[in-house]
Asker: 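Supplied in structure tokens, the structure appears directly below.
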Amino acid sequence: MDNHAPAVRVLPTETTGDVAGRKAVVALLPVGSHEQHGPHLPLSTDTLIACAVAERVAAAYPVRLLPPLTVSCSQEHASWPGTVSITAGTLGAVVRDVAHSLRRSGVHRLVLVNGHGGNYVLRNVVQEATADGHRMALFPVAADWEEASAKAGVETPARSDMHAGELETSILLHVQPECVRDGYESADVISDDRRHLHTLGLGPYTESGVVGRPSLASARKGDEVLTALSGAFADHLRVLESW
């Protein structure tokens with residue numbers, strides 16, 4: 001465990017003067033969730049990961065970092081205590097309102113830094129915004145996660161590493177190691193055939209809530225995943241600024 005890793009900062013500490021001085025024209029909105037992540041990771045895992053990705057990007061690019069959305073669409077995890085959800089319509093409406101507010105203040109490009117795979121609606125929000133002539137992007141996309149995982153040496157395929165597995169545990173071990181509970185080394189669950197997930201929720205596929213191999217996690221892998229994602233952002237920024 002990397003005890004010297006800096007804790008992720010969930011809330012930005014900039015002042016209005018700082019924002020005015022930076023004159024950023026691209027904003028990052030981390031979108032997390034509040035849902036079960038097995039017995040070894042906190043309910044806020046997806047929010048912490050989204051914030052960690054956004055922080056790493058903001059340290060490397062001239063962007064404005066917004067506070068995260070901490071509750072989203074986690075209905076598939078409803079059978080576990082602690083999970084809280086909002087509807088897809090509500091999440092989409094909040095994102096659109098944030099984007100509208102930013103445009104009024106002169107920031108016309110918004111990147112949704114999504115930390116929860118179940119937020120399918122965000123893809124539609126981005127598509128609709130683009131169709132309406134607004135500049136919005138979703139990051140990281142599946143290809144970004146897969147390439148970053150490969151560069152970091154994450155061994156578990158994305159299909160098998162669906163929830164609280166090697167990837168997520170690695171990132172938490174790097175940015176918030178005190179939040180990782182004992183027992184992740186023996187918490188592996190492989191459940192690749194989840195074809196009825198949207199109908200039945202995750203409950204029938206895992207008793208613990210874990211789907212993946214957290215036993216393979218390490219702080220080094222988490223750090224390298226974040227570094228790779230920061231590098232991948234350059235291409236998204238180029239596309240966003242090209243029109």
Asker: Please write out which residues are connected to L102 in a hydrophobic cluster, directly or through intermediates, given that two of Ile, Leu, Val, Met, Phe, Trp, Tyr count as joined at side-chain heavy-atom separations below 4.5 angstrom.
Answerer: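 Grouped by the 4.5 Å side-chain rule, L29, V31, L66, L69, V71, V84, I86, L91, V94, V95, V98, V107, L110, L112, V121, L122, V125, V126, M136, L138 form the rest of the cluster around L102.
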Asker: With sequence neighbours left out, which residue pairs that include part of residues 136-154 fulfil the salt bridge (charged side-chain N to carboxylate O under 4.0 Å, His left out) condition?
Answerer: none
Asker: Show every side chain to side chain donor-acceptor pair (under 3.5 Å) that has at least one partner inside residues 63-73, sequence neighbours left out.
Answerer: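 As it turns out, the side chain to side chain donor-acceptor pair (under 3.5 Å) pairs with a partner in residues 63-73, which skip direct neighbours, are S72-N119.
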Asker: Suppose clustering is done on Ile, Leu, Val, Met, Phe, Trp and Tyr with side-chain heavy atoms closer than 4.5 Å. Which residues sit in the same group as V210?
Answerer: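 Same cluster as V210: V189.
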Asker: Residues in side chain to side chain contact (heavy atoms under 4.5 Å, CB included) with P62, at least two apart?
Answerer: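 P62 satisfies side chain to side chain contact (heavy atoms under 4.5 Å, CB included) with no other residue.
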Asker: Tell me, please, which residues at least two apart from S160 pass side chain to side chain contact (heavy atoms under 4.5 Å, CB included).
Answerer: T156, P157, I190, D192
Asker: With sequence neighbours left out, what residues match H198 under ring pair (Phe, Tyr, Trp, His ring centres under 6.0 Å)?
Answerer: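 Here the qualifying residues are Y120.
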Asker: Going by the ring pair (Phe, Tyr, Trp, His ring centres under 6.0 Å) test, which pairs reach into residues 18-69, not counting sequence neighbours?
Answerer: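 Of all non-adjacent pairs touching residues 18-69, those that pass ring pair (Phe, Tyr, Trp, His ring centres under 6.0 Å) are H37-H163, Y61-F233.
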Asker: Return the set of residues passing side chain to side chain contact (heavy atoms under 4.5 Å, CB included) with R104 (not counting sequence neighbours), or none when no residue passes.
Answerer: H100, S101
Asker: Who passes side chain to side chain contact (heavy atoms under 4.5 Å, CB included) against A54, sequence neighbours left out?
Answerer: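 For A54, the residues satisfying side chain to side chain contact (heavy atoms under 4.5 Å, CB included) (neighbours in sequence not counted) are L28, P30, L65, V113.
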Asker: Does anything in residues 234-243 pair up under salt bridge (charged side-chain N to carboxylate O under 4.0 Å, His left out), and if so which pairs, sequence neighbours excluded?
Answerer: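 Pairs touching residues 234-243 that pass the test: D235-R238.
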Asker: Please give the remaining members of the hydrophobic cluster of V141, linking ILVMFWY side chains under 4.5 Å, ordered by chain and number.
Answerer: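 V141 shares its hydrophobic cluster with no other residue.
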